[in-house]
Protein chains: 2
Amino acid sequence: MTRIQGARERARDEITAAIKDEARRQLAAEGAARLSLRAVARSLGMVSSALYRYFPGRDDLLTALITDSYDALGDATEAALEASAAQADSHIARWQAVCRAHRSWALAHPHEYALIYGSPVPGYAAPASTTVSATRAARALLTVAAEAYAAGALRVPGTDGAARGGPDPEAKGAPSAPEPVLEDARELAERLGIGLPAPVVAELVAVWAQLAGLVSFEVFGQFERVVAAREKFFDHAAVTLARNVGLT
Amino acid sequence: MTRIQGARERARDEITAAIKDEARRQLAAEGAARLSLRAVARSLGMVSSALYRYFPGRDDLLTALITDSYDALGDATEAALEASAAQADSHIARWQAVCRAHRSWALAHPHEYALIYGSPVPGYAAPASTTVSATRAARALLTVAAEAYAAGALRVPGTDGAARGGPDPEAKGAPSAPEPVLEDARELAERLGIGLPAPVVAELVAVWAQLAGLVSFEVFGQFERVVAAREKFFDHAAVTLARNVGLT
DNA sequence: CTCAAGAGAGAGCGGTGCTCTCGAAATGGA
DNA sequence: TCCATTTCGAGAGCACCGCTCTCTCTTGAG
């Protein structure tokens with residue numbers, strides 16, 4: 001239910017947005033650690049104390065930026081998900097499209113990406129309110145896997161000769177995760193409402209972290225004198241991850 | 001060539017070490033962003049300006065801590081490498097031992113881990129002097145792969161029916177990375193003196209980033225309400241990564 | 001129209017990184 | 001041994017930070 005906003009309320013929303021915009025600008029220019037309330041206020045022609053009418057403190061402003069970043073990344077990946085659905089490629093191609101969207105957004109907004117997947121700010125712990133936004137980007141990958149599963153284009157790990165004793169390198173299906181991990185996966189699948197077998201969910205969680213690792217390394221410059229053909233490198237790795245999940 | 005140190009020089013080294021120790025303590029307690037030169041000086045009974053005789057600035061102190069952290073992580077993984085060589089398990093078991101060492105060190109020193117694999121400090125770019133220390137931890141994994149390759153226990157990607165046209169899910173060997181990536185891999189292999197085929201090196205780089213992703217997610221709390229059986233989860237993922245490299 | 005609530009300005013607190021100057025102490029060559 | 005040079009710690013000070021408090025002015029609901 002959306003109340004009618006008075007002029008005052010509208011002004012408040014606009015100023016709040018202006019503060020966040022300016023903060024985002026400083027974030028992109030200087031990084032999170034150098035984000036300064038006073039500088040933001042100065043740029044907006046306010047005095048610093050006035051800013052505290054809108055955000056209780058620096059950390060809260062940062063939290064707002066984090067939530068927004070999660071949502072922006074979620075928007076990007078969901079858009080890629082829908083676009084890839086339209087042009088109806090293979091499931092692996094869809095997976096790749098979502099991965100690419102993730103990477104592209106991160107490269108375009110490195111400091112915001114650092115905000116959500118970099119080292120957490122000092123003593124700061126992300127409030128529970130961010131978790132909903134946080135799962136959106138991951139869910140796009142889950143969706144690809146779920147649709148592939150529904151279409152029979154997903155090989156569940158643990159199927160196909162992984163059960164018989166020792167490690168068998170010739171087995172077609174990848175070995176499944178051990179039971180305690182599967183238990184976590186079941187719990188997670190239920191909580192998120194995912195219609196996917198536990199071994200797949202377990203693999204998806206791991207792959208999710210690995211994808212973030214690939215993107216983080218690139219965004220944070222760890223590939224500086226290591227990989228030059230970054231796009232092709234990433235695409236290849238993304239397909240490998242898709243195979244690990246069981247996509248065909 | 002180690003010169004004989006006068007009393008003065010020795011004192012300087014001791015004080016430098018004391019500063020770094022205290023800084024590390026504050027780092028562990030508060031995180032990098034809250035690391036304060038003045039607080040370090042205060043704890044050491046100095047005045048803040050005296051500290052500038054030892055480090056040109058806060059960033060330089062941070063750089064010293066980063067280098068030390070790289071070395072500590074390198075020590076941990078190399079120790080695991082040697083220990084696993086002694087008890088002579090399978091190559092995958094060695095791989096897993098090195099991965100475990102990496103994870104254990106990271107969990108034991110989360111803030112130092114954040115220093116090296118988290119978001120880079122504001123405008124700060126790691127000086128070239130850190131790169132030697134930086135590669136040490138990665139090299140332990142390279143060594144495992146190289147020894148497995150020498151022992152014939154490594155299947156090179158691109159071998160075994162990946163060359164024929166379209167993607168073949170039944171193929172035993174994983175598909176190789178595309179040519180530009182292989183070119184990067186060759187260059188890297190030569191620069192680091194690695195006796196490993198380019199497709200394997202390419203896979204190792206990707207897997208290296210993915211391993212960091214797994215560890216980072218755990219250290220930074222991203223698995224908080226997602227994975228409970230973290231150790232088993234990690235072990236399973238590490239083995240999957242080993243398989244991606246081609247280890248058998 | 002009244003009056004409480006909201007919003008901005010300003011001063012001020014303790015903290016930060018960093019610079020500069022000054023005096024004391026250690027060092028090493030004459 | 002003596003003395004010039006270097007090294008070091010201390011202190012004051014600058015500009016900035018997050019944050020609080022108070023005071024004034026404006027707004028809008030009753």
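Given the structure is predicted, the values throughout are model-derived calculations rather than measurements. Any value given below was found using the heavy atoms of this structure, including those in side chains, with hydrogens, waters and symmetry copies removed. We name chains A, B, ... by the order of the sequence lines, and we start the count at 1 in each one.
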Checklist line | Test side-chain contact (heavy atoms from CB on, under 4.5 Å) applied to B/Leu196 and B/Leu204, step by step | finding: CA-CA 10 Å; B/Leu196 236 30; B/Leu204 274 166; 3.8 Å; yes

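- Of the side-chain N and O atoms in A/Tyr54, one or more sit less than 4.0 angstrom from OP1 or OP2 of C/dG8.
- Between A/Glu187 and A/Arg191, at least one side-chain nitrogen of the basic residue sits less than 4.0 Å from a carboxylate oxygen of the acidic one, meeting the salt-bridge criterion.
- Distance CZ (A/Arg34) to P (C/dT16): 17 Å, rounded to an integer number of Å.
- Remark: B/Ser36 is not in phosphate contact with C/dG15, judged by side-chain N or O atoms under 4.0 Å from OP1 or OP2.
- The CZ-P distance, from A/Arg38 to C/dA9, rounds to 14 Å in whole Å.
- Separating the CZ atom of B/Arg58 from the P atom of C/dG15 is a distance of 17 Å, rounded to the nearest angstrom.
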What does the list of N/O pairs under 3.5 Å between the protein and nucleotides 4-7 of chain D look like, with a distance for each?
{"from": "D/dT7", "atom 1": "O4'", "to": "B/Arg8", "atom 2": "NH2", "distance (Å)": "3.2"}
{"from": "D/dT7", "atom 1": "O2", "to": "B/Arg8", "atom 2": "NH2", "distance (Å)": "3.0"}

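- For the segment residues 40-49 of chain A, residues with any heavy atom less than 4.0 angstrom from an atom of DNA chain C are, sorted by number, A/Met46, A/Val47, A/Ser49.
- Look at CD1 on B/Ile19: it is 12 Å from C1' on D/dG9, rounded to the nearest Å.
- We find that CG of B/Leu62 is positioned 15 Å from C1' of C/dT16, with the value rounded to whole Å.
- In this structure, the OH atom of A/Tyr52 is 9 Å from the C1' atom of D/dC17, given to the nearest Å.
- Of all non-hydrogen atoms in B/Leu81 and B/Ala140, the two that sit nearest each other are CD1-O, 3.7 Å.
- Contacts of A/Leu51 with the nucleic acid, taken as non-hydrogen atoms under 4.0 Å apart, are absent.
- Considering all non-hydrogen atoms of both residues, A/Tyr113 and A/Ala106 come closest at CD1-CB, 3.4 Å.
- Looking at every heavy atom in both residues, B/Arg186 comes nearest to B/Ala198 through CG-CB, 3.8 Å.
- To the nearest 0.5 Å, atoms NE2 (B/His102) and CG (B/Leu211) are separated by 5.0 Å.
- No engagement by B/Leu61 is indicated, since no non-hydrogen atom pair under 4.0 Å with the nucleic acid exists.
- When heavy atoms are screened at a 4.0 angstrom cut-off, B/Phe55 is found touching no nucleic acid atom at all.
- Per the geometry, CZ belonging to A/Arg10 stands 17 Å off C1' belonging to C/dG6, to the nearest Å.
- Side-chain contact check for A/Ser133 and A/Thr67: no donor-acceptor pair (N or O, by modelled atom type) lies under 3.5 Å.
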Check: Between A/Val226 and B/Trp208, is a side-chain contact (heavy atoms from CB on, under 4.5 Å) present by the stated rule, with each step listed?
Finding: CA-CA 12 Å; A/Val226 179; B/Trp208 172 238; over 6 Å; no

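- Rounded to whole Å, atom C1' of C/dA7 lies 15 Å from atom CG of A/Asp13.
- Using a 4.0 Å cut-off between a side-chain N of Lys or Arg and a carboxylate O of Asp or Glu, A/Arg24 and A/Asp21 qualify as a salt bridge.
- Taking only side-chain atoms of B/Leu37, from C-beta outward, the nucleotide of D/dG18, C/dG17, D/dC17 with the closest atom is C/dG17.
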